[in-house]
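Proteins get letters first, then strands, A, B, ... in listed order; numbering begins at 1 in each.
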Protein chains: 2
Amino acid sequence: MEDNILQQKLELLKKKNEKAYLEFTSSFEVGSSKKGELLIPIDKICTKLYILKSGVAKQFRYKEDGSEYISWFNFEGDMMTSHISFVSQKPSIEGIKIIEDSEYTFVPRDVCYELSEKYHAVETFFREILEMYSQAAEERLYFLQALSAKQKYDYILKNMPHLLQRVPQKELSSFLGITRETLSRIRKHS
Amino acid sequence: MEDNILQQKLELLKKKNEKAYLEFTSSFEVGSSKKGELLIPIDKICTKLYILKSGVAKQFRYKEDGSEYISWFNFEGDMMTSHISFVSQKPSIEGIKIIEDSEYTFVPRDVCYELSEKYHAVETFFREILEMYSQAAEERLYFLQALSAKQKYDYILKNMPHLLQRVPQKELSSFLGITRETLSRIRKHS
DNA sequence: TGCATTAATTGACATTTGTCACACGTATTC
DNA sequence: GAATACGTGTGACAAATGTCAATTAATGCA
C-alpha cells in the first residue's frame, strides 16, 4: 500500500549512491509461498528482510489464553520482518504467516547491516524506513487504545478499506482487538 | 530507566568518531522546567530533541471525547520528542508535559539531520535509537491489546515499578488505557 | 459435483469495565 | 492557616464487549 513509498526510498538510494544501490539490490533473492505457509515461525531467529511483491501476510503472536494477536498485515510493496528478532537476533516472539499466495524478494540480515556500515546512504535508507515504521506503530497505538470497537471499524473503512476486501473477518477482528462476533454485529449495523 | 542505554550509545559514537561526537554534543543546550509546564504543545511543530537529566514527563494526546491518552512517560536518561512532528515537521498531534520538575538538554532538529548527513556515525546512532524506539512501541502494542486491566497492572508492577512511585494514579490509568476508578479497584484487590 | 471443513451470523447471557455521584484526605495557594 | 483545588476511594448502576452454543453460508478438496 502507500503507493510504494519503499520503491521511492530505493530510488533515492540509487540516486545518492548507485554502487551501494546495486550491491544492495543484487543481493535480493526471490521466493514465493502458498496461503497458510509460515514464513517466519515463532521462537526461531529471524535472519531475513522481506519485500512483498504480491499477496498478503500477517504478523502475529499468541496471547496467554492461546488466542491470536495480529500486529500487522502486509501487502504488495510492504517491507516486512520480525522486527525485534531481526534487530536483536533473539528467538522471535512474532511469526509471519502467508494468508494469500505471495511472491517476494528477500535479503539476508547480515547484508543489511554490512551495507549499512559500508555505505552511509544505505544507513540513511534504513533510518528512514525505521522512521516510517515507528510512525505507523505510534498511530496504531493510539488507534487501539483510544477508539471503541465501532470507531475502529469505521477507521478501517475509511483509511484501510483494502483490508476488508483481502483479509478474512476472523483475522481482521484480531487486528482490531475485538472478537469475531463483535465485528460481525458492527458490520450488520453499519 | 534502562540504566542509560542512551549514554552507552553516545559513548559508542564517541569511540567511532570523536569529531562527530564533539560536534553533536557541543550543540546540546541545557534547560529546566517546572511541574505542569508544557514542553511541546499540541499543534505546534516540534523542532527539538530532548534528553531528560532529571524529573518526569508525559507524552499525551486528547481523544475525541476530550479525555487524555498518555502514550509514554519519560524519566532520567530518556530521549524524548514528539516523534511524528519531529520527523515530518507537521504540527504535533502529541504534546509533552512535565509532571515532576525537570532538567534536560536539547538539540535542535536541524542539527540532528545535518550531522546525520555529515557523519555516517551519527546516522548510525539515530538508526539504533529508532530501533530501540520501535521495539518499545511494538511491546507496548501487545501490552495494550492483549492484556486485561488487571494483567496490565501486574505487568507494570513487575516490569516498570518506578511508574507506581513517580506517576500519579490518574496518569498511570490513562497510560494503561483504563479509568482511574478501575485502577483504584484493582489496587484494592491486589 | 458433492462432501467436509472453515468462516460468518445470531441469540441469550455473563463479565468486564466505564460512568456518575459523592466522600474523604492531602496539597497548594493566597 | 483557612480556603480551594486536586487526587483518590467507593458504591450503585449502565454500557460495551466477550462467551458459549447453535445455525447458516462459504470455501476447498476428493
In whole angstrom, what separates A/Glu68's CD from C/dA7's C1'?
14 Å
Report yes if a side-chain nitrogen or oxygen of B/Lys188 is closer than 4.0 Å to either non-bridging phosphate oxygen (OP1 or OP2) of D/dT8; otherwise report no.
no
Pair B/Glu23-B/Tyr119, side chain to side chain donor-acceptor pair (under 3.5 Å): steps then yes or no
CA-CA 10 Å; B/Glu23 202 167 331; B/Tyr119 298 108; 2.5 Å; yes
Students often get this wrong, so: under 4.0 angstrom with heavy atoms, is A/Gly36 touching a base, only sugar-phosphate, or nothing?
nothing
Nearest to the side chain of B/Glu181 - C/dG18, C/dT10, D/dT10?
D/dT10
Can you identify which nucleotide, out of D/dG18, C/dT17, D/dT19, has its nearest atom closest to the A/Arg185 side chain?
D/dT19
Nearest-nucleotide wise, let me know which of B/Lys35 and B/Thr182 is further upstream toward the 5' end of DNA chain C.
B/Thr182
Give the rounded distance in Å between these two atoms: NE2 of B/His189 and P of C/dT16.
12 Å
Measure from CD1 on B/Ile186 to P on C/dT15 and round the result to the nearest Å.
17 Å
Can you tell me if CD on A/Gln151 sees more than 12 non-hydrogen neighbours from other groups inside 6.0 Å?
yes
With the side chain defined as heavy atoms from C-beta on, B/Ser184 is closest, among C/dA8, D/dT10, C/dT28, to D/dT10
Rounded to whole Å, the CG-C1' distance (B/Leu147 to C/dT16) equals 15 Å
A/Arg187 side-chain proximity, nearest of D/dG18, C/dT9, C/dT19:
C/dT9
OP1, OP2 of D/dT17 versus side-chain N and O of A/Thr179: anything below 4.0 Å?
no
Rounded to the nearest angstrom, tell me the gap between atom NZ in A/Lys170 and atom P in C/dT9.
14 Å
Between C1' on D/dC6 and CZ on B/Arg180, what's the gap in Å once rounded to a whole number?
10 Å
Of the listed C/dT17, D/dG9, C/dA7, the closest approach to the B/Ala149 side chain comes from C/dT17
Donor-acceptor pair between B/Thr124 and A/Glu123 side chains, under 3.5 angstrom
yes
Is B/His120 reaching over with its side chain to a backbone N or O of A/Ser116, donor-acceptor style, under 3.5 angstrom?
yes
Starting at atom NZ of B/Lys150, determine the distance to atom P of C/dT15, rounded to an integer number of angstrom.
18 Å
Short question: side chain of A/Glu131, backbone of B/Ser88 - any donor-acceptor pair under 3.5 Å?
no
May I ask you to say what B/Ile178 touches in the nucleic acid, namely base, sugar-phosphate or nothing, with a heavy-atom cut-off under 4.0 Å?
sugar-phosphate
Rounded to the nearest angstrom, tell me the gap between atom CD1 in A/Ile99 and atom P in D/dT27.
15 Å
